[in-house]
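Before any comments, here is the structure.
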Number of protein chains: 2
Amino acid sequence: MRLVVAACSVDYAGRLSAHLPPARRLIMLKADGCVAIHADGGAYKPLNWMNAPNRLVEGEGSWTVTNPAGETLTITITEVLSDTEWELGVDPGLQKDGVEAHLQVLLAEQPQAIEEGLVLVRREYPTDVGPVDLLCKAQDGTTVAVEIKRRGEIDGVEQLSRYVAFLDRDPRLRPVRGLLVAQQVKPQARILATVRGFAWREVDYDTLRGMESTTLRLF
Amino acid sequence: MRLVVAACSVDYAGRLSAHLPPARRLIMLKADGCVAIHADGGAYKPLNWMNAPNRLVEGEGSWTVTNPAGETLTITITEVLSDTEWELGVDPGLQKDGVEAHLQVLLAEQPQAIEEGLVLVRREYPTDVGPVDLLCKAQDGTTVAVEIKRRGEIDGVEQLSRYVAFLDRDPRLRPVRGLLVAQQVKPQARILATVRGFAWREVDYDTLRGMESTTLRLF
DNA sequence: GTGTATATCTCGGGG
DNA sequence: CCCCGAGGTATACAC
């Protein structure tokens with residue numbers, strides 16, 4: 001990783017045009033070829049950037065970064081305060097826990113935690129309008145399409161609407177109920193879900209994990 | 001801005017749990033208090049971060065960053081390769097051109113570019129389900145709700161559906177047509193728009209700009 | 001502040 | 001390769 005602290009102005013020409021007036025900034029050049037221009041604020045997002053793969057041409061007082069799509073980032077440097085390079089090696093990568101994927105796994109393992117008597121048919125059930133998180137059968141034989149979110153918002157209800165409308169056209173599945181499951185279901189999503197005739201349910205991640213370990217102990 | 005190149009491991013505990021095994025990385029501490037841990041790849045996004053405002057406690061071989069929500073980032077440092085600080089000052093900020101906002105302005109100025117005889121009623125017409133990009137009247141007196149996107153995708157059609165359904169309940173506006181306008185309308189969006197009874201239209205940004213300058217010359 | 005929509009989103013998975 | 005969905009999304013803007 002090469003770190004250049006410099007007074008510079010920057011121009012990006014690609015999906016849009018963007019210009020940065022002269023100021024002191026950090027120019028970060030990563031080993032994979034991506035370039036980022038950072039100011040001293042504004043969260044982690046750089047002011048300007050170019051993702052790898054890139055071609056970097058270092059001219060006299062001006063660098064030009066070009067990507068295969070023909071987008072360019074032109075950095076005009078007036079003063080270099082520091083220019084260092086560091087060998088960082090390949091990063092072992094981030095280990096995550098707690099995201100929707102894990103919530104989906106937990107609920108797939110114990111659909112009865114969503115609704116009594118619910119049985120899993122298939123996780124990520126494929127349809128022409130996208131994969132349904134969980135396709136289940138209810139105790140009374142009704143098909144239930146379950147949409148899982150960390151936070152249940154309006155777009156989750158829209159997604160569920162598309163799935164249910166599609167599935168309900170299949171005579172082998174009809175009638176199909178929609179069910180929105182989230183750690184937290186926002187008021188607007190509750191209303192829209194109700195209007196669309198869908199049930200919604202809040203679940204607790206830690207409780208589910210506890211139930212999982214209980215299940216593992218019992219069986 | 002403080003730049004620390006160090007061998008470290010990192011733990012985040014907050015909305016999820018995330019762990020970074022020991023490796024050499026860049027720790028970027030910005031003047032506004034945000035912290036970002038960068039590896040030597042992976043676009044501009046850091047492996048781990050904490051947005052401002054934060055409280056940073058530098059302990060012996062371990063830093064703890066805490067935010068008001070109680071989330072923590074713990075950086076365990078085993079070896080410091082470099083630790084520098086730079087005064088960058090306040091950045092003058094990025095000047096952009098070409099985003100949806102400008103497309104909206106251009107189309108508001110020349111709705112006839114979307115459809116012959118179309119007249120603007122109001123830009124950002126407010127409804128209970130969000131603002132409609134352009135509310136127009138067609139030549140035959142029909143109300144037309146226009147949703148503008150850079151790329152027309154399925155969620156744009158969903159948005160338009162909500163607007164049209166809402167507007168169509170107003171006797172002064174009924175009947176209301178929906179119209180999706182984008183630089184590029186994706187196949188799935190075309191299908192869904194057609195199914196919902198909406199027209200869609202692709203427009204060229206540069207052509208619109210050209211028409212604008214022509215208009216300015218003529219009038 | 002909440003809610004809504006955008007982003008040069010980034011990132012990962014599946015066909 | 002594109003398409004689609006999720007994100008600790010971040011960010012701006014309106015109510």
Side-chain angles (χ1 to χ4, degrees), chain A residues 10-18 34-37 41-52 65 67 69 71-73 93-94 96-104 124 126-133 147-151 153-156 158-159 162-163 182 186-189 191-192, chain B residues 11-18 34-36 41-52 67 69-73 93-94 96-104 124-133 147-151 153-156 158-160 162-163 184 186-189:
Chain A
V10 184
D11 283 281
Y12 164 74
R15 276 159 284 182
L16 55 71
S17 300
C34 74
V35 180
I37 316 289
Y44 65 67
K45 198 175 181 182
L47 293 163
N48 237 325
W49 70 92
M50 284 278 278
N51 286 346
V65 187
N67 75 7
E71 299 176 327
T72 59
L73 191 73
L94 187 67
K96 281 188 190 181
D97 180 29
V99 284
E100 190 201 295
H102 196 208
L103 196 60
Q104 197 189 95
E124 297 285 350
T127 75
D128 288 1
V129 288
V132 181
D133 286 344
E147 175 63 30
I148 301 168
K149 291 272 181 241
R150 201 164 52 77
R151 292 190 316 184
E153 300 181 4
I154 248 175
D155 60 341
E158 298 286 18
Q159 232 176 299
R162 293 199 297 273
Y163 298 152
K186 292 290 171 100
Q188 299 242 358
I191 291 167
L192 188 61
Chain B
D11 282 281
Y12 163 75
R15 275 161 286 185
L16 54 68
S17 301
C34 74
V35 181
Y44 67 66
K45 200 176 180 182
L47 293 161
N48 237 326
W49 69 93
M50 284 280 277
N51 286 345
N67 73 10
E71 302 176 325
T72 59
L73 190 74
L94 187 66
K96 282 187 189 185
D97 179 29
V99 283
E100 191 200 294
H102 195 209
L103 196 60
Q104 197 190 93
E124 296 285 350
Y125 182 89
T127 75
D128 288 0
V129 287
V132 181
D133 286 344
E147 175 63 31
I148 300 167
K149 291 268 181 245
R150 202 162 53 77
R151 292 194 318 180
E153 300 181 3
I154 248 175
D155 59 342
E158 298 287 17
Q159 233 176 297
L160 188 56
R162 292 200 298 272
Y163 298 152
Q184 190 200 358
K186 292 291 169 103
Q188 298 240 0

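Just so it is clear, the values below take in all heavy atoms, side chains as well, and ignore hydrogens, waters and symmetry mates.
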Leu94(B) atom CG is separated from dT6(C) atom P, nearest whole Å, by 19 Å

Can you list everything that forms a salt bridge (charged side-chain N to carboxylate O under 4.0 Å, His left out) with Glu71(B)? Sequence neighbours excluded, please. Arg15(B)

B/S/- contact track for nucleotides 9-15 of chain C, protein heavy atom under 4.0 Å: SSS----

Taking atom C1' of dT2(C) as reference, at what distance in whole Å does atom CD1 of Ile191(A) sit? 14 Å

Using a heavy-atom cut-off of 4.0 Å across all strands, would you classify Glu71(A) as base, sugar-phosphate, or nothing? nothing

Output the rounded distance in Å from CD (Gln159(A)) to P (dG5(D)). 6 Å

Pick base, sugar-phosphate or nothing for Glu158(B), based on heavy-atom distances below 4.0 Å to the nucleic acid. nothing

Whole angstrom value for the distance that separates C1' of dT11(D) from CG of Leu16(A): 15 Å

Closest to the Tyr12(B) side chain: dG8(D), dA6(D), dG3(C)? dG8(D)

Test of understanding: with salt bridge (charged side-chain N to carboxylate O under 4.0 Å, His left out), list the residues that count as partners of Glu153(A), not counting sequence neighbours. Arg151(A)

Please report the distance, rounded to the nearest Å, between CG in Leu47(A) and C1' in dT8(C). 13 Å

Please state the P separation for the pair dA5(C) and dG8(D) - nearest whole angstrom. 22 Å

Which part of the nucleic acid, if any, lies within contact of Glu153(B), taking any heavy atom under 4.0 Å across all strands shown: a base, the sugar-phosphate backbone alone, or nothing? nothing

Nucleotide dT6(C), atom P - distance to CG of Asp155(B) in whole Å: 8 Å

At 4.0 Å (heavy atoms only), tell me whether Tyr163(A) reaches a base, stays on the sugar-phosphate, or touches nothing. sugar-phosphate

Specify the separation, in whole Å, of atom CD of Glu124(B) and atom P of dC13(D). 11 Å

Considering only dT8(C), dT6(C), dG3(C), which nucleotide approaches the side chain of Asn48(A) most closely? dT8(C)

Taking atom C1' in both dT6(C) and dT10(C), what distance in whole Å separates the two? 14 Å

Want to settle it: does Met50(A) or Pro131(B) sit nearer the 5' end of DNA chain C, counting the closest nucleotide to each? Pro131(B)

